[in-house]
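Beneath this line is the structure, given in structure tokens, with notes to follow.
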Amino acid sequence: MVSDLVAAGGDRHLPSRPDVAVVGAGPIGLAIAWRCAARGLRVVVHDPDPGSGAVHAAAGMLAPVAEAYFGEHELTGLLTESAARWPAFATELAAASGTELGYRSEGTLMVGLTADDHAAARRLWAYQQGLGLPVTPLRPSELRDREPALSPRMRGGAYAGTDHQVDPRRLVSALRIATERAGGVLVPTPVQQLTEVTAEITVVAAGCGTAALTGLPVRPVKGQVLRLRAPGAPGFQHVIRGFADGEQVYLVPRQDGEVVVGATSEERTDTLVTSGAVLRLLRAATDLVPEVAEYELIEAVAGLRPGSPDNAPILGPLPGRPAVLAATGHHRHGVVLTPVTADLIADLITTGTPDPLLAAFTPERLGPGLPDPPATADPACGVAGPRLTRQEESWN
């Protein structure tokens with residue numbers, strides 16, 4: 001790796017060949033670039049349209065508890081570790097960029113509307129509690145005490161106080177500023193083949209476009225998301241995640257009056273917004289928080305999350321290619337996993353020693369070798385065309 005440079009004090013008088021090239025300027029790519037540049041490395045980031053990937057549609061939930069699902073024990077550990085780093089990460093990034101991130105720590109309310117919804121939710125909460133995660137069950141009256149805007153039909157819920165939120169669009173803006181202030185250079189050109197990139201170390205953080213560049217099995221998972229605008233401040237403070245007549249939905253309030261409602265999960269490669277998805281999301285959202293029916297609908301957008309075969313991120317060197325590192329496959333967890341991914345990849349680059357946390361997420365777990373990438377990237381993943389479309393990093 002390039003640990004000898006850092007050990008020598010991070011000399012800024014570097015040759016023209018960069019130490020690190022990052023392909024993809026979503027939150028993952030930019031955070032890695034910022035961490036590396038801040039350690040004295042010469043960094044370039046290749047992306048024609050930073051922040052236009054999946055993060056553009058992201059809600060920004062930092063939810064290691066609510067996102068803990070059956071059979072994903074190792075991923076839950078990584079989510080918990082990264083969420084624990086978020087308060088310090090947010091403070092440091094806000095200071096480095098001079099930008100407010102919209103970080104909020106009121107916590108998340110997880111709710112069930114009907115008896116069947118509540119029964120399904122309780123099974124998940126019991127699993128989460130069994131992992132030692134902080135889940136506090138609440139009766140309907142206790143839910144309404146915390147959030148009077150919730151429907152009186154609610155059958156029950158739970159509180160996850162460590163599940164916070166951040167504004168992903170502000171996050172990308174702050175990371176871009178911090179990266180450039182640390183000396184990183186953004187190159188506004190697309191990368192169609194890794195042979196076009198010249199650097200000691202190349203980090204591929206191109207979301208589902210990573211498949212075309214590396215051969216990694218990263219697939220697009222479509223998600224449709226709505227943005228509403230309250231006439232003043234939203235009538236609720238917590239993130240609301242719930243089951244409403246079998247439909248899963250979340251509502252994320254912002255201090256500026258915006259409320260993000262999402263999200264579908266579809267094994268599709270298009271980014272069309274469909275009337276059926278809008279109908280389902282709004283029906284479920286208004287079932288949980290009736291007043292949002294009076295909010296203005298200001299945006300409907302679809303993006304492509306980068307999913308891996310086991311829905312866990314792919315982090316580390318490609319098999320047989322130690323100078324090419326993957327930082328992709330974050331699926332719906334890209335925002336919450338930004339701090340830990342950036343730290344792990346930057347540490348690996350600067351020290352040459354992988355952190356034990358990486359062991360469960362390396363490309364090797366997917367098989368002994370990788371197929372050759374295609375001659376040109378798939379336009380559906382936004383790499384072969386004139387710009388990267390909205391799928392660079394996953395959202396939660």
Side-chain angles (χ1 to χ4, degrees), residues 26-27 49 51-63 66-67 69 108 110-111 113 117 165-169 171-172 207-209 218-230 234 239-254 257-289 292-308 311 328-336 378-382 385 387-396:
D49 197 358
S52 64
V55 68
H56 187 74
M61 292 176 291
L62 311 175
E67 291 283 352
Y69 287 102
T108 294
M110 304 179 290
V111 300
L113 183 66
D117 293 329
Q165 64 149 303
V166 71
D167 187 327
R169 295 179 181 180
L171 170 64
V172 168
C208 71
V218 180
R219 75 190 193 282
V221 181
K222 179 181 176 180
Q224 301 186 54
V225 176
L226 311 177
R227 279 176 168 76
L228 313 179
R229 176 76 62 187
V239 173
I240 308 295
R241 300 177 65 110
F243 296 79
D245 284 324
E247 191 79 37
Q248 295 189 51
V249 70
Y250 58 70
L251 299 91
V252 183
R254 305 268 192 248
E258 181 180 89
V259 174
V260 183
V261 176
T264 67
S265 184
E266 308 164 56
E267 296 289 339
R268 298 172 60 94
T269 61
D270 67 272
T271 54
L272 299 176
V273 175
T274 64
S275 58
V278 173
L279 175 64
R280 292 195 306 274
L281 290 172
L282 287 179
R283 179 187 292 136
T286 55
D287 279 347
L288 297 184
V289 184
V292 304
E294 303 300 321
Y295 293 3
E296 179 186 4
L297 175 61
I298 59 173
E299 184 181 74
V301 64
L304 301 174
R305 309 172 182 92
S308 69
N311 291 329
T328 189
H330 291 76
H331 198 219
R332 62 182 182 267
H333 307 301
V335 176
V336 66
D378 180 1
C381 282
R387 52 171 286 181
L388 294 176
T389 57
R390 297 175 176 176
Q391 78 269 328
E392 292 157 348
E393 301 300 339
S394 63
W395 62 84
N396 55 2

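Every heavy atom of this structure was used, including side-chain atoms; hydrogens, water molecules and symmetry mates were not. Counting from 1, the numbers follow the sequence of the chain as shown.
Salt bridge absent: R305 and E267 never bring a charged side-chain N and a carboxylate O closer than 4.0 Å. Between D167 and R169 there is no salt bridge, since no side-chain N of the basic residue sits under 4.0 Å from a carboxylate O of the acidic one.
The two residues V172 and G51 come nearest to each other via the heavy atoms CG1-CA, 3.6 Å. Of all non-hydrogen atoms in L171 and P27, the two that sit nearest each other are CD2-CB, 3.9 Å. Between A59 and V260, the closest heavy-atom pair is CB-CG1, 3.8 Å. Pairing each heavy atom of P306 with each of C208, the nearest pair is CB-N, 3.4 Å. Taking every heavy atom of both residues into account, V301 and A57 meet most closely at CG1-CB, 3.8 Å. Nearest heavy-atom pair, R254 versus P168, reported as atom, atom and distance to 0.1 Å: NH2-CD, 3.3 Å.
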Inset, instruction - List the steps and the verdict of side-chain contact (heavy atoms from CB on, under 4.5 Å) for V225 and V261. - result: CA-CA 6 Å; V225 176; V261 176; over 6 Å; no
Inset, instruction - For side-chain contact (heavy atoms from CB on, under 4.5 Å), just list the numbers for L282 and L226, CA-CA rounded to whole Å, side-chain angles, deciding distance to a tenth of an Å, and then say yes or no. - result: CA-CA 8 Å; L282 287 179; L226 311 177; 3.6 Å; yes
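Taking CG from D49 and NE2 from H56, the interatomic distance works out to 9.0 Å, rounded to the nearest 0.5 Å. Rounded to the nearest 0.5 Å, atoms CG (L304) and CG (D270) are 7.5 Å apart. We find the CZ-CG distance between R332 and N311 to be 6.5 Å, quoted to the nearest 0.5 Å.
M61 places none of its side-chain heavy atoms less than 4.5 Å from the side chain of T108. No side-chain heavy atom of R219 sits under 4.5 Å from any side-chain heavy atom of S308. Side chains of V111 and L288 form a contact here, defined as non-hydrogen atoms less than 4.5 Å apart.
In this view, I298 and R227, R229, E258, E296 satisfy the side-chain contact (heavy atoms from CB on, under 4.5 Å) rule, not counting sequence neighbours. Every side chain to side chain donor-acceptor pair (under 3.5 Å) that E266 has, sequence neighbours left out, goes to Q224, T264. Evaluation of the side-chain contact (heavy atoms from CB on, under 4.5 Å) rule for D287 yields L113, R153, A244, D245, R283 as partners, not counting sequence neighbours.
The only option from L251, V259, V292, L228 that meets the side-chain contact (heavy atoms from CB on, under 4.5 Å) definition with P234 turns out to be V259. Screening L272, T271, T269 for a side-chain contact (heavy atoms from CB on, under 4.5 Å) involving K222 leaves a single residue, L272.
A donor atom on one side chain and an acceptor atom on the other are not found under 3.5 Å apart for Q248 and R241.
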